[in-house]
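Okay, structure first, notes after.
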Amino acid sequence: MDITKLDHFAQALIKEAGERIRSAFSYDLVVETKSNANDLVTNIDRETELFFIEKITAQHPTHRIFGEEGMGKPVTFLEGVVWIIDPIDGTMNFVKQHRHFMITIGIFIDGVGKLGYIYDVMRDDLFYAIAGVGAWYNDSPLRKLQPVKLEEAVIGINANWVTPNDKINHEKLISLIRKVRGTRSYGSAAMEIAFVVTGKLDAYLSMRLSPWDIGGGTIIATEVGAVATNLNGEYFDFLNQDTFLIGNPAIHKEILEKYIEQL
Ligand code: 2AM
Ligand code: CA
């Protein structure tokens with residue numbers, strides 16, 4: 001497997017898909033709901049996933065594709081080459097704000113993350129990594145994260161988790177929020193991960209993410225020294241939904257140990 005060639009192929013596809021999405025704004029968007037009224041999907045999400053499946057399969061017939069919209073064959077194991085794809089991460093941002101949505105892709109070989117991409121479609125900004133080689137923001141190499149103190153950290157979190165809920169002790173999260181310098185919520189897991197790997201956020205957590213929300217991002221994370229686990233401190237399950245915490249290595253453990261109590 002020529003990883004450099006695969007990287008160039010993936011980057012070209014992502015840029016082409018981004019161009020298609022940007023020009024699709026002039027067409028009617030058809031918005032539907034999925035599991036609940038706030039879980040949105042559009043014709044563009046599905047068409048973009050199909051675009052990836054057709055192009056990848058034409059060039060690499062043995063590669064398997066695990067996409068959020070399930071347009072490909074089901075994926076139940078990670079052997080061989082698997083592309084984990086979210087054609088649009090942050091669909092609510094896409095529909096309502098026309099910005100702050102990402103194409104994100106992780107390419108895994110025999111279960112090991114090799115190539116990771118987060119592409120901000122409207123800004124034409126690409127965050128990416130080649131495992132063991134490095135990570136980049138467009139043409140600039142990303143540096144290793146510098147240590148940060150929790151009281152100086154800015155963390156990404158959805159306010160929902162700080163209200164009473166059946167997943168996590170929200171009182172403990174309130175004390176985390178009082179401790180840190182600030183919080184942000186961007187509505188796209190991939191965008192929040194892109195901010196963590198570039199030091200614009202120091203951590204991001206969520207109680208429920210899917211493999212395609214974080215597949216690409218965790219590969220970039222490894223290259224800059226960010227730590228990504230589930231909320232038990234274990235390796236995220238790339239075949240199922242799981243909890244998630246990514247952070248600067250100086251604060252990841254402290255957040256898990258002092259401020260997270262799952263119910
Ligand atoms: P999406 O827009 O691709 O669905 C905040 O909503 C973040 O969580 C987004 O990255 C969103 O991805 C993801 N998300 C929303 N609902 C989800 C669900 N039910 N399971 C997993 N991830 C979800
Ligand atoms: Ca999506």
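One-based numbering, in listed order, for ligands and for the atoms of each. Throughout, numbering of the chain's residues begins at 1 and tracks the sequence.
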**OP:** Before accepting this row, confirm whether a basic side-chain N of the pair Glu68/Lys34 lies closer than 4.0 Å to the acidic partner's carboxylate O.
**Re:** yes

**OP:** Looking only at distances, please establish whether an N/O atom of ligand 1 is found under 3.5 Å from an N/O atom of Gln241.
**Re:** yes

Original post:
Would you say ligand 1 has an N or O under 3.5 Å from any N or O of Ala190?
Top reply: no

Original post:
Which residue owns the protein heavy atom closest to atom 19 (N) of ligand 1, what's the atom, and how far is it?
Top reply: Arg208 NE, 3.7 Å

Original post:
How wide is the angle at the Ca ion (ligand 2) between O of Ile88 and OE1 of Glu68, to the nearest 10°?
Top reply: 160°

**OP:** Could you tell me which atoms of ligand 1, counted from 1 in the order shown, lie closer than 4.0 angstrom to a heavy atom of Ala189?
**Re:** 7 (C), 9 (C), 10 (O)

**OP:** Kindly confirm or rule out an N or O of Asp39 lying under 3.5 angstrom from an N or O of ligand 1.
**Re:** no

**OP:** Measure the shortest side-chain to side-chain distance between Leu13 and Phe52 over non-hydrogen atoms and say whether it is less than 4.5 angstrom.
**Re:** yes

**OP:** Assign the ring pair Trp212 / Phe66 to parallel, tilted or perpendicular, where the plane angle (0 to 90°) is split at 30° and 60°.
**Re:** perpendicular

Original post:
Does Asn169 reach the main-chain N or O of Glu171 with its side chain, forming a donor-acceptor pair under 3.5 Å?
Top reply: yes

Original post:
Is it true that Val41 lies under 4.0 Å from ligand 1, counting heavy atoms only?
Top reply: no

Original post:
Backbone or side chain, does any N or O of Met92 fall under 3.5 Å from an N or O of ligand 1?
Top reply: no

**OP:** Answer with side chain, backbone, both or neither: which part of Leu40 has a heavy atom less than 4.0 angstrom from an atom of ligand 1?
**Re:** neither

**OP:** Could you tell me the residue and atom name of the protein heavy atom closest to atom 2 (O) of ligand 1, and the distance to it rounded to 0.1 Å?
**Re:** Gly90 N, 2.7 Å

Original post:
For ligand 1, which atoms sit closer than 4.0 Å to a heavy atom of Asp86?
Top reply: 3 (O)

**OP:** Go through the steps to decide whether Asp7 and Thr4 satisfy the test side chain to side chain donor-acceptor pair (under 3.5 Å), and finish with yes or no.
**Re:** CA-CA 5 Å; Asp7 169 49; Thr4 307; over 6 Å; no

**OP:** Using the six-membered ring of Phe77, assess whether NZ or CZ of Arg64 lies under 6.0 Å from its centre and within 45 degrees of the ring axis.
**Re:** yes

Subject >> Closest protein heavy atom (residue, atom, distance) for atom 11 (C) of ligand 1 >> reply: Asp89 OD1, 3.8 Å

Original post:
So, is Ser188 polar-close to ligand 1, with some N/O to N/O distance under 3.5 Å?
Top reply: no

Original post:
For atom 5 (C) of ligand 1, is some protein heavy-atom partner under 4.0 Å away?
Top reply: yes

Subject >> Criterion side chain to side chain donor-acceptor pair (under 3.5 Å) on Thr104 and Asp89, from CA distance to verdict >> reply: CA-CA 7 Å; Thr104 182; Asp89 183 65; over 6 Å; no

Original post:
Do any heavy atoms of Ser35 fall under 4.0 Å from ligand 1?
Top reply: no

Original post:
Which of the atoms in ligand 1, numbered in the order shown and given with their element, are less than 4.0 Å from a heavy-atom of Ile88?
Top reply: 3 (O)

Subject >> Flag for Asp45-Thr91: side-chain donor and acceptor within less than 3.5 Å >> reply: yes

Subject >> Gap between atom CZ of Arg20 and atom CD1 of Ile44 - 0.5 Å precision >> reply: 9.0 Å

Original post:
Judged by atom type as modelled, is there a donor-acceptor pair below 3.5 Å linking the side chain of Asn158 to the main-chain atoms of Trp161?
Top reply: no

Original post:
Which of the atoms of ligand 1 are close to Thr91, meaning less than 4.0 Å from one of its heavy atoms?
Top reply: 2 (O)

**OP:** Name the closest protein heavy atom to atom 23 (C) of ligand 1, giving the residue it belongs to and the distance to 0.1 Å.
**Re:** Asp213 OD2, 3.9 Å

Original post:
Got a protein heavy atom sitting under 4.0 Å from atom 9 (C) of ligand 1?
Top reply: yes

**OP:** Check ligand 1 against Ser210 and write out every atom of the ligand that is under 4.0 Å from a heavy-atom position of the residue.
**Re:** 20 (N), 21 (C)

**OP:** Check the side chains of Asn230 and Asp237 for a donor-acceptor pair under 3.5 angstrom, ignoring hydrogens and angles.
**Re:** no

**OP:** Check all N, O or S atoms of Asp86 and name the one closest to the Ca ion (ligand 2).
**Re:** OD1

Original post:
Would Lys200 count as a cation-pi partner of Phe127, with NZ or CZ less than 6.0 Å from the six-membered ring centre and within 45° of the ring normal?
Top reply: no

**OP:** Count the heavy atoms of every other residue, nucleotide or ligand shown that sit under 6.0 Å from CZ of Arg99, and state whether that count exceeds 12.
**Re:** no

